[in-house]
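Chain naming here is simple, since letters A, B, ... match the order of the sequence lines and numbering starts at 1 in each. Hydrogens, waters and symmetry mates are skipped; everything else that's a heavy atom, side chains included, is used.
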Amino acid sequence: MRYNPQTIEEKWQEKWGDEGIFQPEISDKEKYFITIPYPYLNGNLHAGHTRTFTMGDVIARHRRMLGQNVLFPMGFHATGTPLIGLAELIAKRDPETMRVYTELHGIPEDLLEKLDSPEALAAYFGREAEAAMRLIGYSIDWRRKFTTIDPAYKKFIEWQFERLHELGCVVKGSHPVRWCPNDRNPVEDHDLLRGEGANILDYTLLKFRLKSDALNTPDASDTSDESNVWILPCATLRPETVFGVTNLWINPDVVYVKARVNSEQWIVSEEAYQKLTYTDREVERIGEISGRDLVGKTVENPVIDHDVLILPASFVDPANGSGVVMSVPAHAPYDYLALRDLKGVELIDYGILDLSDIELISLIAVPEMGEFPAVEIVEELGVKDQSDPLAEQATKLVYRREFHHGVLKNNTGEYAGVAVSKIKDILTRDLIERNLADIFYEFSELPVVCRCGTTCVVAMVKGQWFLNYSNPEWKSKVYAHLARMQILPAELRIEFENKIDWLKDKACARRKGLGTRLPWDDEWLIESLADSTIYMSYYIISKYIGQLDVEQLTPEFFDYVLLGKGKIDDVLVDHDLTRQIRDDFEYWYPVDIRSSGKDLIPNHLLFFIFHHVALFPEEKLPKAIAINGFVSLEGEKMSKSKGPLLTLKQSVGEYGADVVRLYILSTSEHTQDADWRSEGVESTRKQVERFYNIAHDVIEMPEAEADCEPKVIDRWMMSRLQRRVQETETALSVLRTRHALQNAFYLLMSDLKWYQRRGGISSLKEVMNVWIRLMAPFTPHICEELWEAIGGDGFVSLADYPVPDPDLIDSNSERAEKLVEDTLDDIEEITRVAGITPEKITLFTAPLWKNLVLKQALIAKQSGKLDMGALMKELMSNPEIKKHARDVPKFAQKLVRDVQNWNDEQVAYSLAGVDELDVLAESAEFIGKEFGCSVAVLDADSAGDDVDLQGKRRFAEPGRPAIYIGGQQ
RNA sequence: GCGGGGGUAGCCAAGCCAGGUCAACGGCGCAGGACUUAAGAUCCUGUUGUGAAGACAUUCAAGGGUUCGAAUCCCUUCCCCCGCACCA
């Protein structure tokens with residue numbers, strides 16, 4: 001009987017389909033609703049999908065066999081821009097695209113040429129994806145499939161956004177993006193020549209007012225006239241240090257711009273001025289002023305009553321921030337160094353006579369550091385001056401210590417006592433409210449250059465629609481629900497918490513792409529991640545779409561079926577049908593588990609929770625999330641657009657569905673990345689074949705042969721089987737597929753090998769019956785085939801999943817086999833090391849007195865009172881032991897040392913013991929066969945000296961018989 | 001930089017949370033043997049070193065510490081992977 005995966009797999013997929021066994025309806029049974037993120041339709045499914053989806057299918061199949069009513073649906077994602085981009089590239093026959101899609105995605109060229117519209121692509125890849133998922137045997141209810149550009153789905157999305165809008169979750173605002181002024185477009189990482197890693201940082205601009213002795217105005221002292229007020233905004237990431245400013249820095253060699261910014265007058269560098277024009281401020285250039293002319297002037301600190309001088313500094317980079325820098329020498333090494341560097345420099349040209357008035361102001365208390373951390377670190381590192389590269393390091397060091405451990409001092413007024421790590425947002429918000437500060441966005445690395453060669457800026461997109469994820473109330477509801485959710489693996493919970501914390505408002509509308517329009521503002525398309533947040537509920541509806549008219553899908557309909565709100569009279573869909581859908585929803589929802597790749601944690605999975613929490617009552621919120629890692633190919637990262645790529649279809653075509661499924665899940669688990677290696681798949685194929693062959697041997701075995709009295713080895717086999725079943729179930733319950741398969745497949749297989757080696761027969765059929773069911777979630781086709789062959793009832797996919805039977809756990813037989821195995825290993829080692837070809841093996845079990853000593857020691861250990869003195873006293877009171885008084889101390893001493901280190905389990909194991917003489921005698925024939933010689937088993941007490949040729953028997957210990965091997969060296 | 005996950009014998013990879021049967025599960029590869037006309041398949045054995053009797057020595061990124069005892073706990077350092085947003 002040759003294993004032919006293609007035949008078997010086709011056969012069972014057809015049967016499953018014909019009988020519709022994966023099309024659940026509501027019933028009295030407990031339900032289980034599992035979903036996997038639907039695939040995006042810009043290519044064929046590949047090894048990465050194979051992993052995530054197979055994971056889901058195994059969960060579904062496992063739950064189904066546990067007796068739950070399992071719903072496992074699937075849809076397709078087509079919203080957004082990639083499909084449009086791809087269609088354009090195909091339409092213009094872009095050579096690279098044509099190559100990738102013919103070679104890697106395996107699309108015939110003539111067919112590919114026709115896929116020049118997003119709709120054609122979506123239709124094609126949708127068909128291919130479904131075919132691929134059927135080919136690998138996923139137990140999906142295909143009646144519910146849909147695509148995110150279906151008219152009915154759009155109605156659903158419109159309803160969702162209508163609701164979110166009402167709830168105040170969608171708001172209008174502005175937000176910063178990386179922007180190419182030349183292309184007049186936001187840029188993404190792959191659009192960039194330089195600065196791919198650049199983040200957008202939010203600097204605080206602190207508004208220092210120029211004092212009255214200022215600029216070209218006849219009567220500058222009249223500050224009631226706004227035109228006389230000039231603001232020097234300083235950009236900083238550490239706004240709290242404004243309390244410690246001693247001076248400002250201006251680059252004397254730079255020409256600054258005087259500008260009207262909204263209703264104020266600012267002085268900033270040329271570059272900063274340009275940047276401001278891309279923000280949502282109204283900006284007008286008024287004039288220029290040289291940095292040199294600003295030096296020596298005085299400004300007012302916006303937060304405290306303190307006037308400070310403007311000093312010259314060459315380190316001020318006009319391209320960075322506003323080109324105006326505030327100086328906090330107590331906490332910023334550069335400022336301290338620059339100030340120190342100015343000492344003794346002639347500044348009279350700037351009208352500055354003396355810097356001796358400038359005193360450092362400390363505002364942060366850091367444990368184990370003095371008043372002026374910057375000074376301390378500069379001296380510690382021996383930084384020479386502001387151009388010394390060490391200055392950078394000093395800055396980081398101070399920052400790190402102050403940020404993590406620093407607390408604001410009393411001179412920060414109402415903020416005293418606040419941790420530095422918490423102050424930024426609070427202070428910035430307060431100062432903006434009082435119009436003393438502003439936000440200024442800047443890249444974390446400069447420059448950022450677009451592919452077109454233009455330097456990018458941060459631009460504010462105006463009038464954008466946002467999901468206001470930063471809303472603390474929304475967030476706290478999400479936190480609260482997260483705490484109730486199961487996260488697998490559990491270690492990732494903290495990651496979710498961190499990401500919830502980190503999440504800011506998210507722009508949710510786009511100008512370009514496929515998708516649904518915002519119902520209240522049809523110039524905007526709903527962004528594609530935002531339209532994929534609660535679609536699991538749509539699977540309930542999608543099954544019935546053929547029975548209703550899209551125009552009937554009014555908000556009242558969705559309110560009624562999804563939220564149980566409103567009156568059925570307001571619903572246009574047939575009322576019986578509506579009630580049916582409502583019942584379905586009540587039965588199937590919430591999602592019991594969402595299983596996904598780890599790349600979706602900071603986006604989709606987060607939004608999934610956010611939107612559910614916003615829209616649904618607590619009992620309809622998702623219960624669990626499971627995460628799995630990526631898949632690489634022969635150590636290389638996969639890429640849909642460049643390769644390498646292995647499609648699901650290719651891999652199944654080459655190895656068969658069951659082999660692919662088994663391989664992808666056994667090679668790694670949880671967040672570990674799996675590496676697809678053809679060598680490994682090949683060996684998995686052989687293992688599956690072996691499984692098939694073993695099974696057939698067993699199935700074809702005549703009943704009579706199998707029918708005999710159960711021996712130790714049979715009890716051992718059944719006992720091991722229970723343990724494997726138990727481990728598999730435990731592992732599967734937390735989705736440790738690798739661990740599950742190690743037990744369900746590999747370890748069980750090696751148990752079975754040992755069983756057969758030991759001559760076991762009578763349990764084979766029963767083991768096989770369990771084994772087939774145990775493997776069914778992983779390799780369903782081959783298991784159906786074997787289940788049928790073994791005469792199982794119905795589909796194995798619907799059979800009961802094995803549960804361990806505690807009554808069949810037989811520790812005694814396991815201990816017995818352990819003894820045999822250990823003895824075998826010892827004999828093996830002796831023959832190898834001594835180079836003996838054995839002719840006769842004699843085994844001596846330990847004498848009674850040694851067993852008594854051990855037992856006594858174990859009992860003492862168990863009661864926590866094992867010590868040599870007391871033990872000896874007790875031992876010697878036993879006449880049987882006392883007979884061997886000469887040998888007892890040495891043996892006992894070694895024993896005490898060993899037993900002292902044992903844990904409870906070991907003690908109990910050893911205490912239970914086995915009848916060694918009996919066990920070894922029974923396996924003498926087996927051992928003899930293994931070594932091709934005769935084996936005698938004696939007990940050390942009764943064996944005569946004539947059989948103990950080399951006096952070996954004195955080495956016998958409990959659990960470790962003495963061995964004498966006669967033979968040729 | 002911040003956050004998360006890692007570094008175990010030729011490779012992959014358990015063990016680490018709950019320290020002690022851990023020279024360290026399992027698989028692959030490799031070597032030897034059995035079976036076979038041969039190959040394949042299957043089975044057995046070995047795969048840190050030493051060892052003519054079942055042993056001993058040295059290992060779990062590196063260094064230090066806690067402990068009777070550390071791959072496992074603590075500290076420091078080095079290295080790798082992933083995410084950091086308007087892409088899906």
- Query: Which nucleotides of nucleotides 81-88 of chain B have their base under 4.0 Å from a protein heavy atom (B), which only their sugar-phosphate (S), and which neither (-), written as one string 5' to 3'?
  - Reply: -SSSBBSB
- Item | Side chain of A:Y746 (C-beta onward), nearest among B:G26, B:G15, B:G5 | B:G26
- Query: Per the atom types in the model, does the base of B:G54 pair as donor or acceptor with the side chain of A:D826 at under 3.5 Å?
  - Reply: yes
- Item | Counterpart base for B:U42, defined by Watson-Crick or G-U wobble contacts under 3.5 Å | B:A34
- Message: Between A:Y38 and A:F76, is the ring centroid distance below 6.0 Å?
- Response: no
- Hey, does A:P961 reach any base, or is it just sugar-phosphate, or nothing, if we go heavy atoms under 4.0 Å? base
- Side chain of A:I836: nearest nucleotide among B:C44, B:A53, B:G4? B:A53
- Taking only side-chain nitrogens and oxygens of A:R690, does any of them come within less than 4.0 Å of OP1 or OP2 of B:U42? yes
- Please measure how far the C1' atom in B:G29 lies from the corresponding atom in B:C22, and state the result in whole Å. 24 Å
- If we call it a pair only when both distances are under 3.5 Å in a Watson-Crick or G-U wobble match, what pairs with B:C28? B:G10
- When you compare B:A71 with B:A23, how far apart are their C1' atoms, in angstrom units rounded to a whole number? 12 Å
- Message: Counting primed atoms plus P, OP1 and OP2 as sugar-phosphate and everything else as base, spell out the protein contacts along nucleotides 19-24 of chain B at 4.0 Å heavy-atom distance: B, S or - for each nucleotide, 5' to 3'.
- Response: -BB---
- Query: To the side chain of A:K952, which of B:A53, B:A14, B:C28 is closest?
  - Reply: B:A53
